Number of protein chains: 2
Amino acid sequence: MILEPLLPKFDSVFSIDCVIFGFDEGELKILLIERNIQPFKDWWALPGYLVEENESLDVAAERILYELTGLRDIFMEQFYTFGDVDRHPQGRVVTVAYYAMIRLNGTKELKPVTSIARKAVWYPVKDLPKLAFDHSKIFAKGFIKIRNKISYQPIAFELLPEKFTLTQLQHLYEIILNATLDKRNFRKKMLNYGILKELDEKQKGVSYRAAKLYKFDRRKYARLFQKELSFNK
Amino acid sequence: MILEPLLPKFDSVFSIDCVIFGFDEGELKILLIERNIQPFKDWWALPGYLVEENESLDVAAERILYELTGLRDIFMEQFYTFGDVDRHPQGRVVTVAYYAMIRLNGTKELKPVTSIARKAVWYPVKDLPKLAFDHSKIFAKGFIKIRNKISYQPIAFELLPEKFTLTQLQHLYEIILNATLDKRNFRKKMLNYGILKELDEKQKGVSYRAAKLYKFDRRKYARLFQKELSFNK
DNA sequence: ATGCTTAGTGTTACAAATACACTTTATATT
DNA sequence: AATATAAAGTGTATTTGTAACACTAAGCAT
């Protein structure tokens with residue numbers, strides 16, 4: 001039997017960082033934690049931590065988000081990997097960044113289940129504090145990512161409450177795209193997608209004419225994105 | 001002076017893998033190497049290797065591609081990071097995948113400058129061999145990436161020789177999109193982009209009517225992609 | 001009853017995408 | 001020289017989507 005050369009065993013460290021978008025009180029927000037450990041103790045940071053040895057990246061992302069914020073069952077998507085040599089003071093740590101857009105029911109409490117984070121809070125993206133590591137850069141790239149995504153997929157509803165008005169939806173688009181949109185054209189386009197269901201219900205508690213409520217039809221939405229774009233023939 | 005707790009020093013290993021697309025003899029190809037080292041010695045693989053300690057990911061990608069194939073100054077873009085627990089037999093190795101589309105002048109010789117790769121060759125994507133590690137999966141994701149990209153950005157010219165005919169361009173689109181396109185509409189659309197320059201030259205050596213040659217105008221191309229998409233107002 | 005504030009609505013103009021088939025031209029063959 | 005061949009090259013009508021644009025309707029507060 002031929003002896004194979006002995007190979008060194010690799011034992012690596014890398015991390016996950018999460019950019020979680022929410023929409024509340026007419027503002028786009030992201031989740032930040034206050035770090036309770038070194039390095040960057042007491043700094044604001046994206047929820048992020050080291051991946052464990054026997055964990056795939058996707059699984060790690062879910063676990064880490066849960067442990068640092070208490071949020072569960074959030075579908076996140078990987079969007080970029082940051083690997084500058086000096087991005088981590090303890091050595092070479094590459095971090096894989098994930099993003100998600102979620103509905104922030106007001107009720108969902110943020111409660112870190114580990115002491116790594118002192119607390120987790122929703123922070124308006126307009127007014128972010130200085131962040132630990134290269135997290136400002138990571139956030140910026142994540143923001144560009146959802147801006148692009150929303151331009152070709154009507155995914156904004158992930159951020160809205162179950163029932164919403166068309167004006168709320170439009171405001172959300174305007175914030176993410178950083179542009180003002182024409183009301184009539186916006187409504188026409190959205191309704192044309194055929195993924196909104198008009199409800200027999202109206203907004204309540206407003207001191208003016210109440211708007212109709214809508215909800216998204218996820219089945220139709222899924223069907224919509226089976227057909228592909230451009231150059232169909 | 002307050003003593004900070006001593007932090008462990010991280011010392012990690014991760015890799016880069018490159019999916020390099022070329023177009024030759026009417027076929028879409030990618031670059032593969034034949035591995036000359038364990039693990040997966042003698043297997044076909046994507047050009048890929050470990051990142052060095054003091055190297056950013058982008059720089060590592062360039063170096064690794066060069067060392068394994070002899071190709072230089074190729075602009076690559078990161079597209080996904082693969083981190084399944086068992087993807088590498090020597091332990092936990094996360095790999096950051098890059099892609100590029102390049103012009104394959106016929107002349108550019110492929111010559112690994114390290115013995116890690118025995119050789120590097122262009123392989124038709126239609127007929128890839130079994131690949132080392134999870135490289136088949138990486139390739140598949142890279143292919144989807146360029147398919148999507150080409151659908152909204154006329155980047156296909158990266159793959160073509162300096163001078164090309166519209167029919168060649170169309171064939172390339174058809175191969176990447178896996179669809180047949182209408183000749184008149186295709187031409188109209190391409191010419192409307194305003195990034196093609198008609199030359200005073202014709203195809204040579206064909207046994208039928210020679211087609212006009214075109215080349216891409218990179219200046220106009222760059223300008224085209226400063227203006228953004230969708231929902232402009 | 002009046003005022004205020006937002007909801008809700010339609011048309012026209014322009015641009016882009018699609019469907020579709022014949023003529024022209026360079027070369028090769030006889 | 002005549003003919004065959006193979007791909008180049010070209011235009012129009014239809015449909016679809018995008019863009020610009022301003023007033024009336026409804027509900028609540030006073």
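None of these values were measured; they are calculated from a predicted model. These numbers come from the heavy atoms of this one structure, side chains and all, not from hydrogens, waters or symmetry mates. To find a chain, count down the sequence lines: A is the first, B the second, and so on, and within it residues start at 1.
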Could you check which of D:dT18, C:dA7, D:dA8 has an atom nearest any side-chain atom of A:Lys189? D:dT18
d(CG, B:Leu191; P, D:dA8) in whole Å: 14 Å
Expressed as a whole number of angstroms, how long is the span from A:Asn192:CG to D:dA19:P? 14 Å
Output the rounded distance in Å from CG (B:Asp182) to P (D:dA13). 17 Å
Selected nucleotide, minimal atom distance to B:Ser207 side chain, candidates D:dT18, C:dT18, C:dT27: C:dT27
I need the CE-P distance between B:Met190 and C:dA16, as an integer number of Å. 15 Å
First encountered from the 5' end of DNA chain C, between B:Lys188 and B:Lys183: B:Lys188
Less than 6.0 angstrom from the centroid, inside 45 degrees of the normal: does B:Arg147 satisfy that with respect to the ring of B:Phe143? yes
Could you check how far CG of B:Asn185 sits from P of C:dA15, rounded to whole Å? 18 Å
Criterion salt bridge (charged side-chain N to carboxylate O under 4.0 Å, His left out) on B:Arg218 and B:Glu158, from CA distance to verdict: CA-CA 10 Å; B:Arg218 281 173 187 271; B:Glu158 304 285 356; 3.6 Å; yes
Taking any heavy-atom pair under 4.0 Å as a contact, classify B:Lys212: base, sugar-phosphate, or nothing. sugar-phosphate
Distance-minimising heavy-atom pair for B:Val96 and B:Gln78: CG1-CG, 3.4 Å
Closest non-hydrogen atoms of B:Cys18 and B:Met76, given as atom of the first, atom of the second and distance, are SG-SD, 3.7 Å
Of all the nucleotides listed (D:dA8, D:dG27, C:dT18), which has the minimum atom distance to the side chain of B:Ala211? D:dA8
Rounded to the Å, how far apart are A:Tyr152 OH and D:dG17 P? 20 Å
Looking only at side-chain N and O atoms, does A:Lys202 come under 4.0 Å of OP1 or OP2 in D:dA26? no
Any donor-acceptor pair under 3.5 Å from B:Gln203 side chain to B:Ala211 backbone: yes
How close or far is atom P of C:dT23 from atom CZ of B:Arg184, stated in whole angstroms? 12 Å
Between A:Val206 and B:Arg209, just flag the one whose closest nucleotide in DNA chain D comes earlier from the 5' side. B:Arg209
Provide, to the nearest angstrom, the distance between the CZ atom belonging to B:Phe186 and the P atom belonging to C:dA17. 13 Å
Picking from D:dA20, C:dC20, C:dT5, the nucleotide nearest the side-chain atoms of A:Tyr208 would be C:dT5
Need one value for A:Thr167: base, sugar-phosphate or nothing, where a base atom within 4.0 Å counts as base even if backbone is also close, heavy atoms only. sugar-phosphate
